[in-house]
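The next block holds one structure in the form of structure tokens; read it before the comments.
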Amino acid sequence: MDRKDRLVWTAVLVFAGFLIVGTLVANWSGKHGQDGWNLYFSQMGEALKQESFAREKYFFYVLRLRLAEVSVLWLLSMTAFGAVSLWAALGWLGFTCGVRISLGTMVFGKTGILYFLCSILPQAVFYIPAILLVGIRGFQVYVFMRKQRSLGQYRRIRMGKDLLLLIILLLCLLPGIICECYINPLLLKAYF
């Protein structure tokens with residue numbers, strides 16, 4: 001098995017492992033967790049039914065949140081932790097997916113899978129390439145620094161590529177944020 005195949009299989013195993021951990025955590029939370037999520041879902045349903053749902057305010061909230069997350073990953077990818085930034089992001093994604101699937105099925109039964117798909121699928125199409133892009137950049141920086149060990153050489157050789165990657169990353173994030181703010185509420189409104 002070559003290096004790229006090992007990288008892909010490791011990414012799949014990290015995501016799947018944390019998906020299982022998230023599922024177990026949600027199931028172990030039991031009735032206490034389910035009561036909290038029932039309250040959350042009912043409040044979200046009421047907020048989505050209102051005509052005065054402030055989409056612009058929600059958009060800027062999600063924009064700040066996602067930019068903060070990506071900034072942390074981007075900065076991590078410039079350090080010695082660049083090689084693990086992908087694993088951390090994939091682990092977090094797997095964990096949250098496991099929790100959402102489990103709690104969605106606890107609260108809504110079989111239709112909880114539909115809730116999960118409505119709440120995460122539209123933006124995931126854009127967020128997953130963005131996370132993979134940050135992870136790939138982290139591995140490239142890590143490999144370069146192991147070979148060269150000079151930040152000056154890195155800046156001369158890689159800075160143009162990094163700026164291009166940053167622009168592509170932002171172009172992946174913006175449609176995801178728009179989906180999360182405008183398409184997901186419509187899907188969830190139809191669902192509730």
ILVMFWY cluster, [X] and [Y] together (side-chain gap under 4.5 Å):
X: Val12; Y: Val125; answer: no
X: Leu166; Y: Leu164; answer: yes
X: Leu13; Y: Phe18; answer: no
X: Phe60; Y: Phe126; answer: no

Could you tell me if the side chain of [Y] sits less than 4.5 Å from the side chain of [X], heavy atoms only?
X: Val25; Y: Phe95; result: yes
X: Asn184; Y: Cys118; result: no
X: Leu170; Y: Leu67; result: yes
X: Phe59; Y: Glu180; result: no

Under the side chain to side chain contact (heavy atoms under 4.5 Å, CB included) rule, what do Ile120 and Cys97 come out as? Steps first, then yes or no, please.
-> CA-CA 8 Å; Ile120 204 163; Cys97 286; 3.7 Å; yes
Closest heavy-atom pair and its distance - Gly91, Val14 = N-CG1, 3.9 Å
Pairs under 3.5 angstrom only: tabulate donor-acceptor contacts from the side chains of residues 102-110 to other protein residues two or more places apart or in another chain.
| residue | atom | partner | partner atom | Å |
| --- | --- | --- | --- | --- |
| Ser102 | OG | Gly98 | O | 3.0 |
| Thr105 | OG1 | Ile101 | O | 3.0 |
| Thr105 | OG1 | Ser102 | O | 2.9 |

Would you give the length of the straight line joining atom [atom1] of [X] to atom [atom2] of [Y], rounded to the nearest 0.5 angstrom?
X: Arg66; Y: Tyr61; atom1: CZ; atom2: OH; answer: 8.0 Å
X: Thr10; Y: Phe15; atom1: OG1; atom2: CZ; answer: 15.0 Å
X: Thr111; Y: Phe116; atom1: OG1; atom2: CZ; answer: 14.5 Å

List the atom pairs, with distances to 0.1 Å, where a side-chain N or O of residues 171-178 and a protein N or O form a donor-acceptor pair under 3.5 Å, not counting sequence neighbours.
none

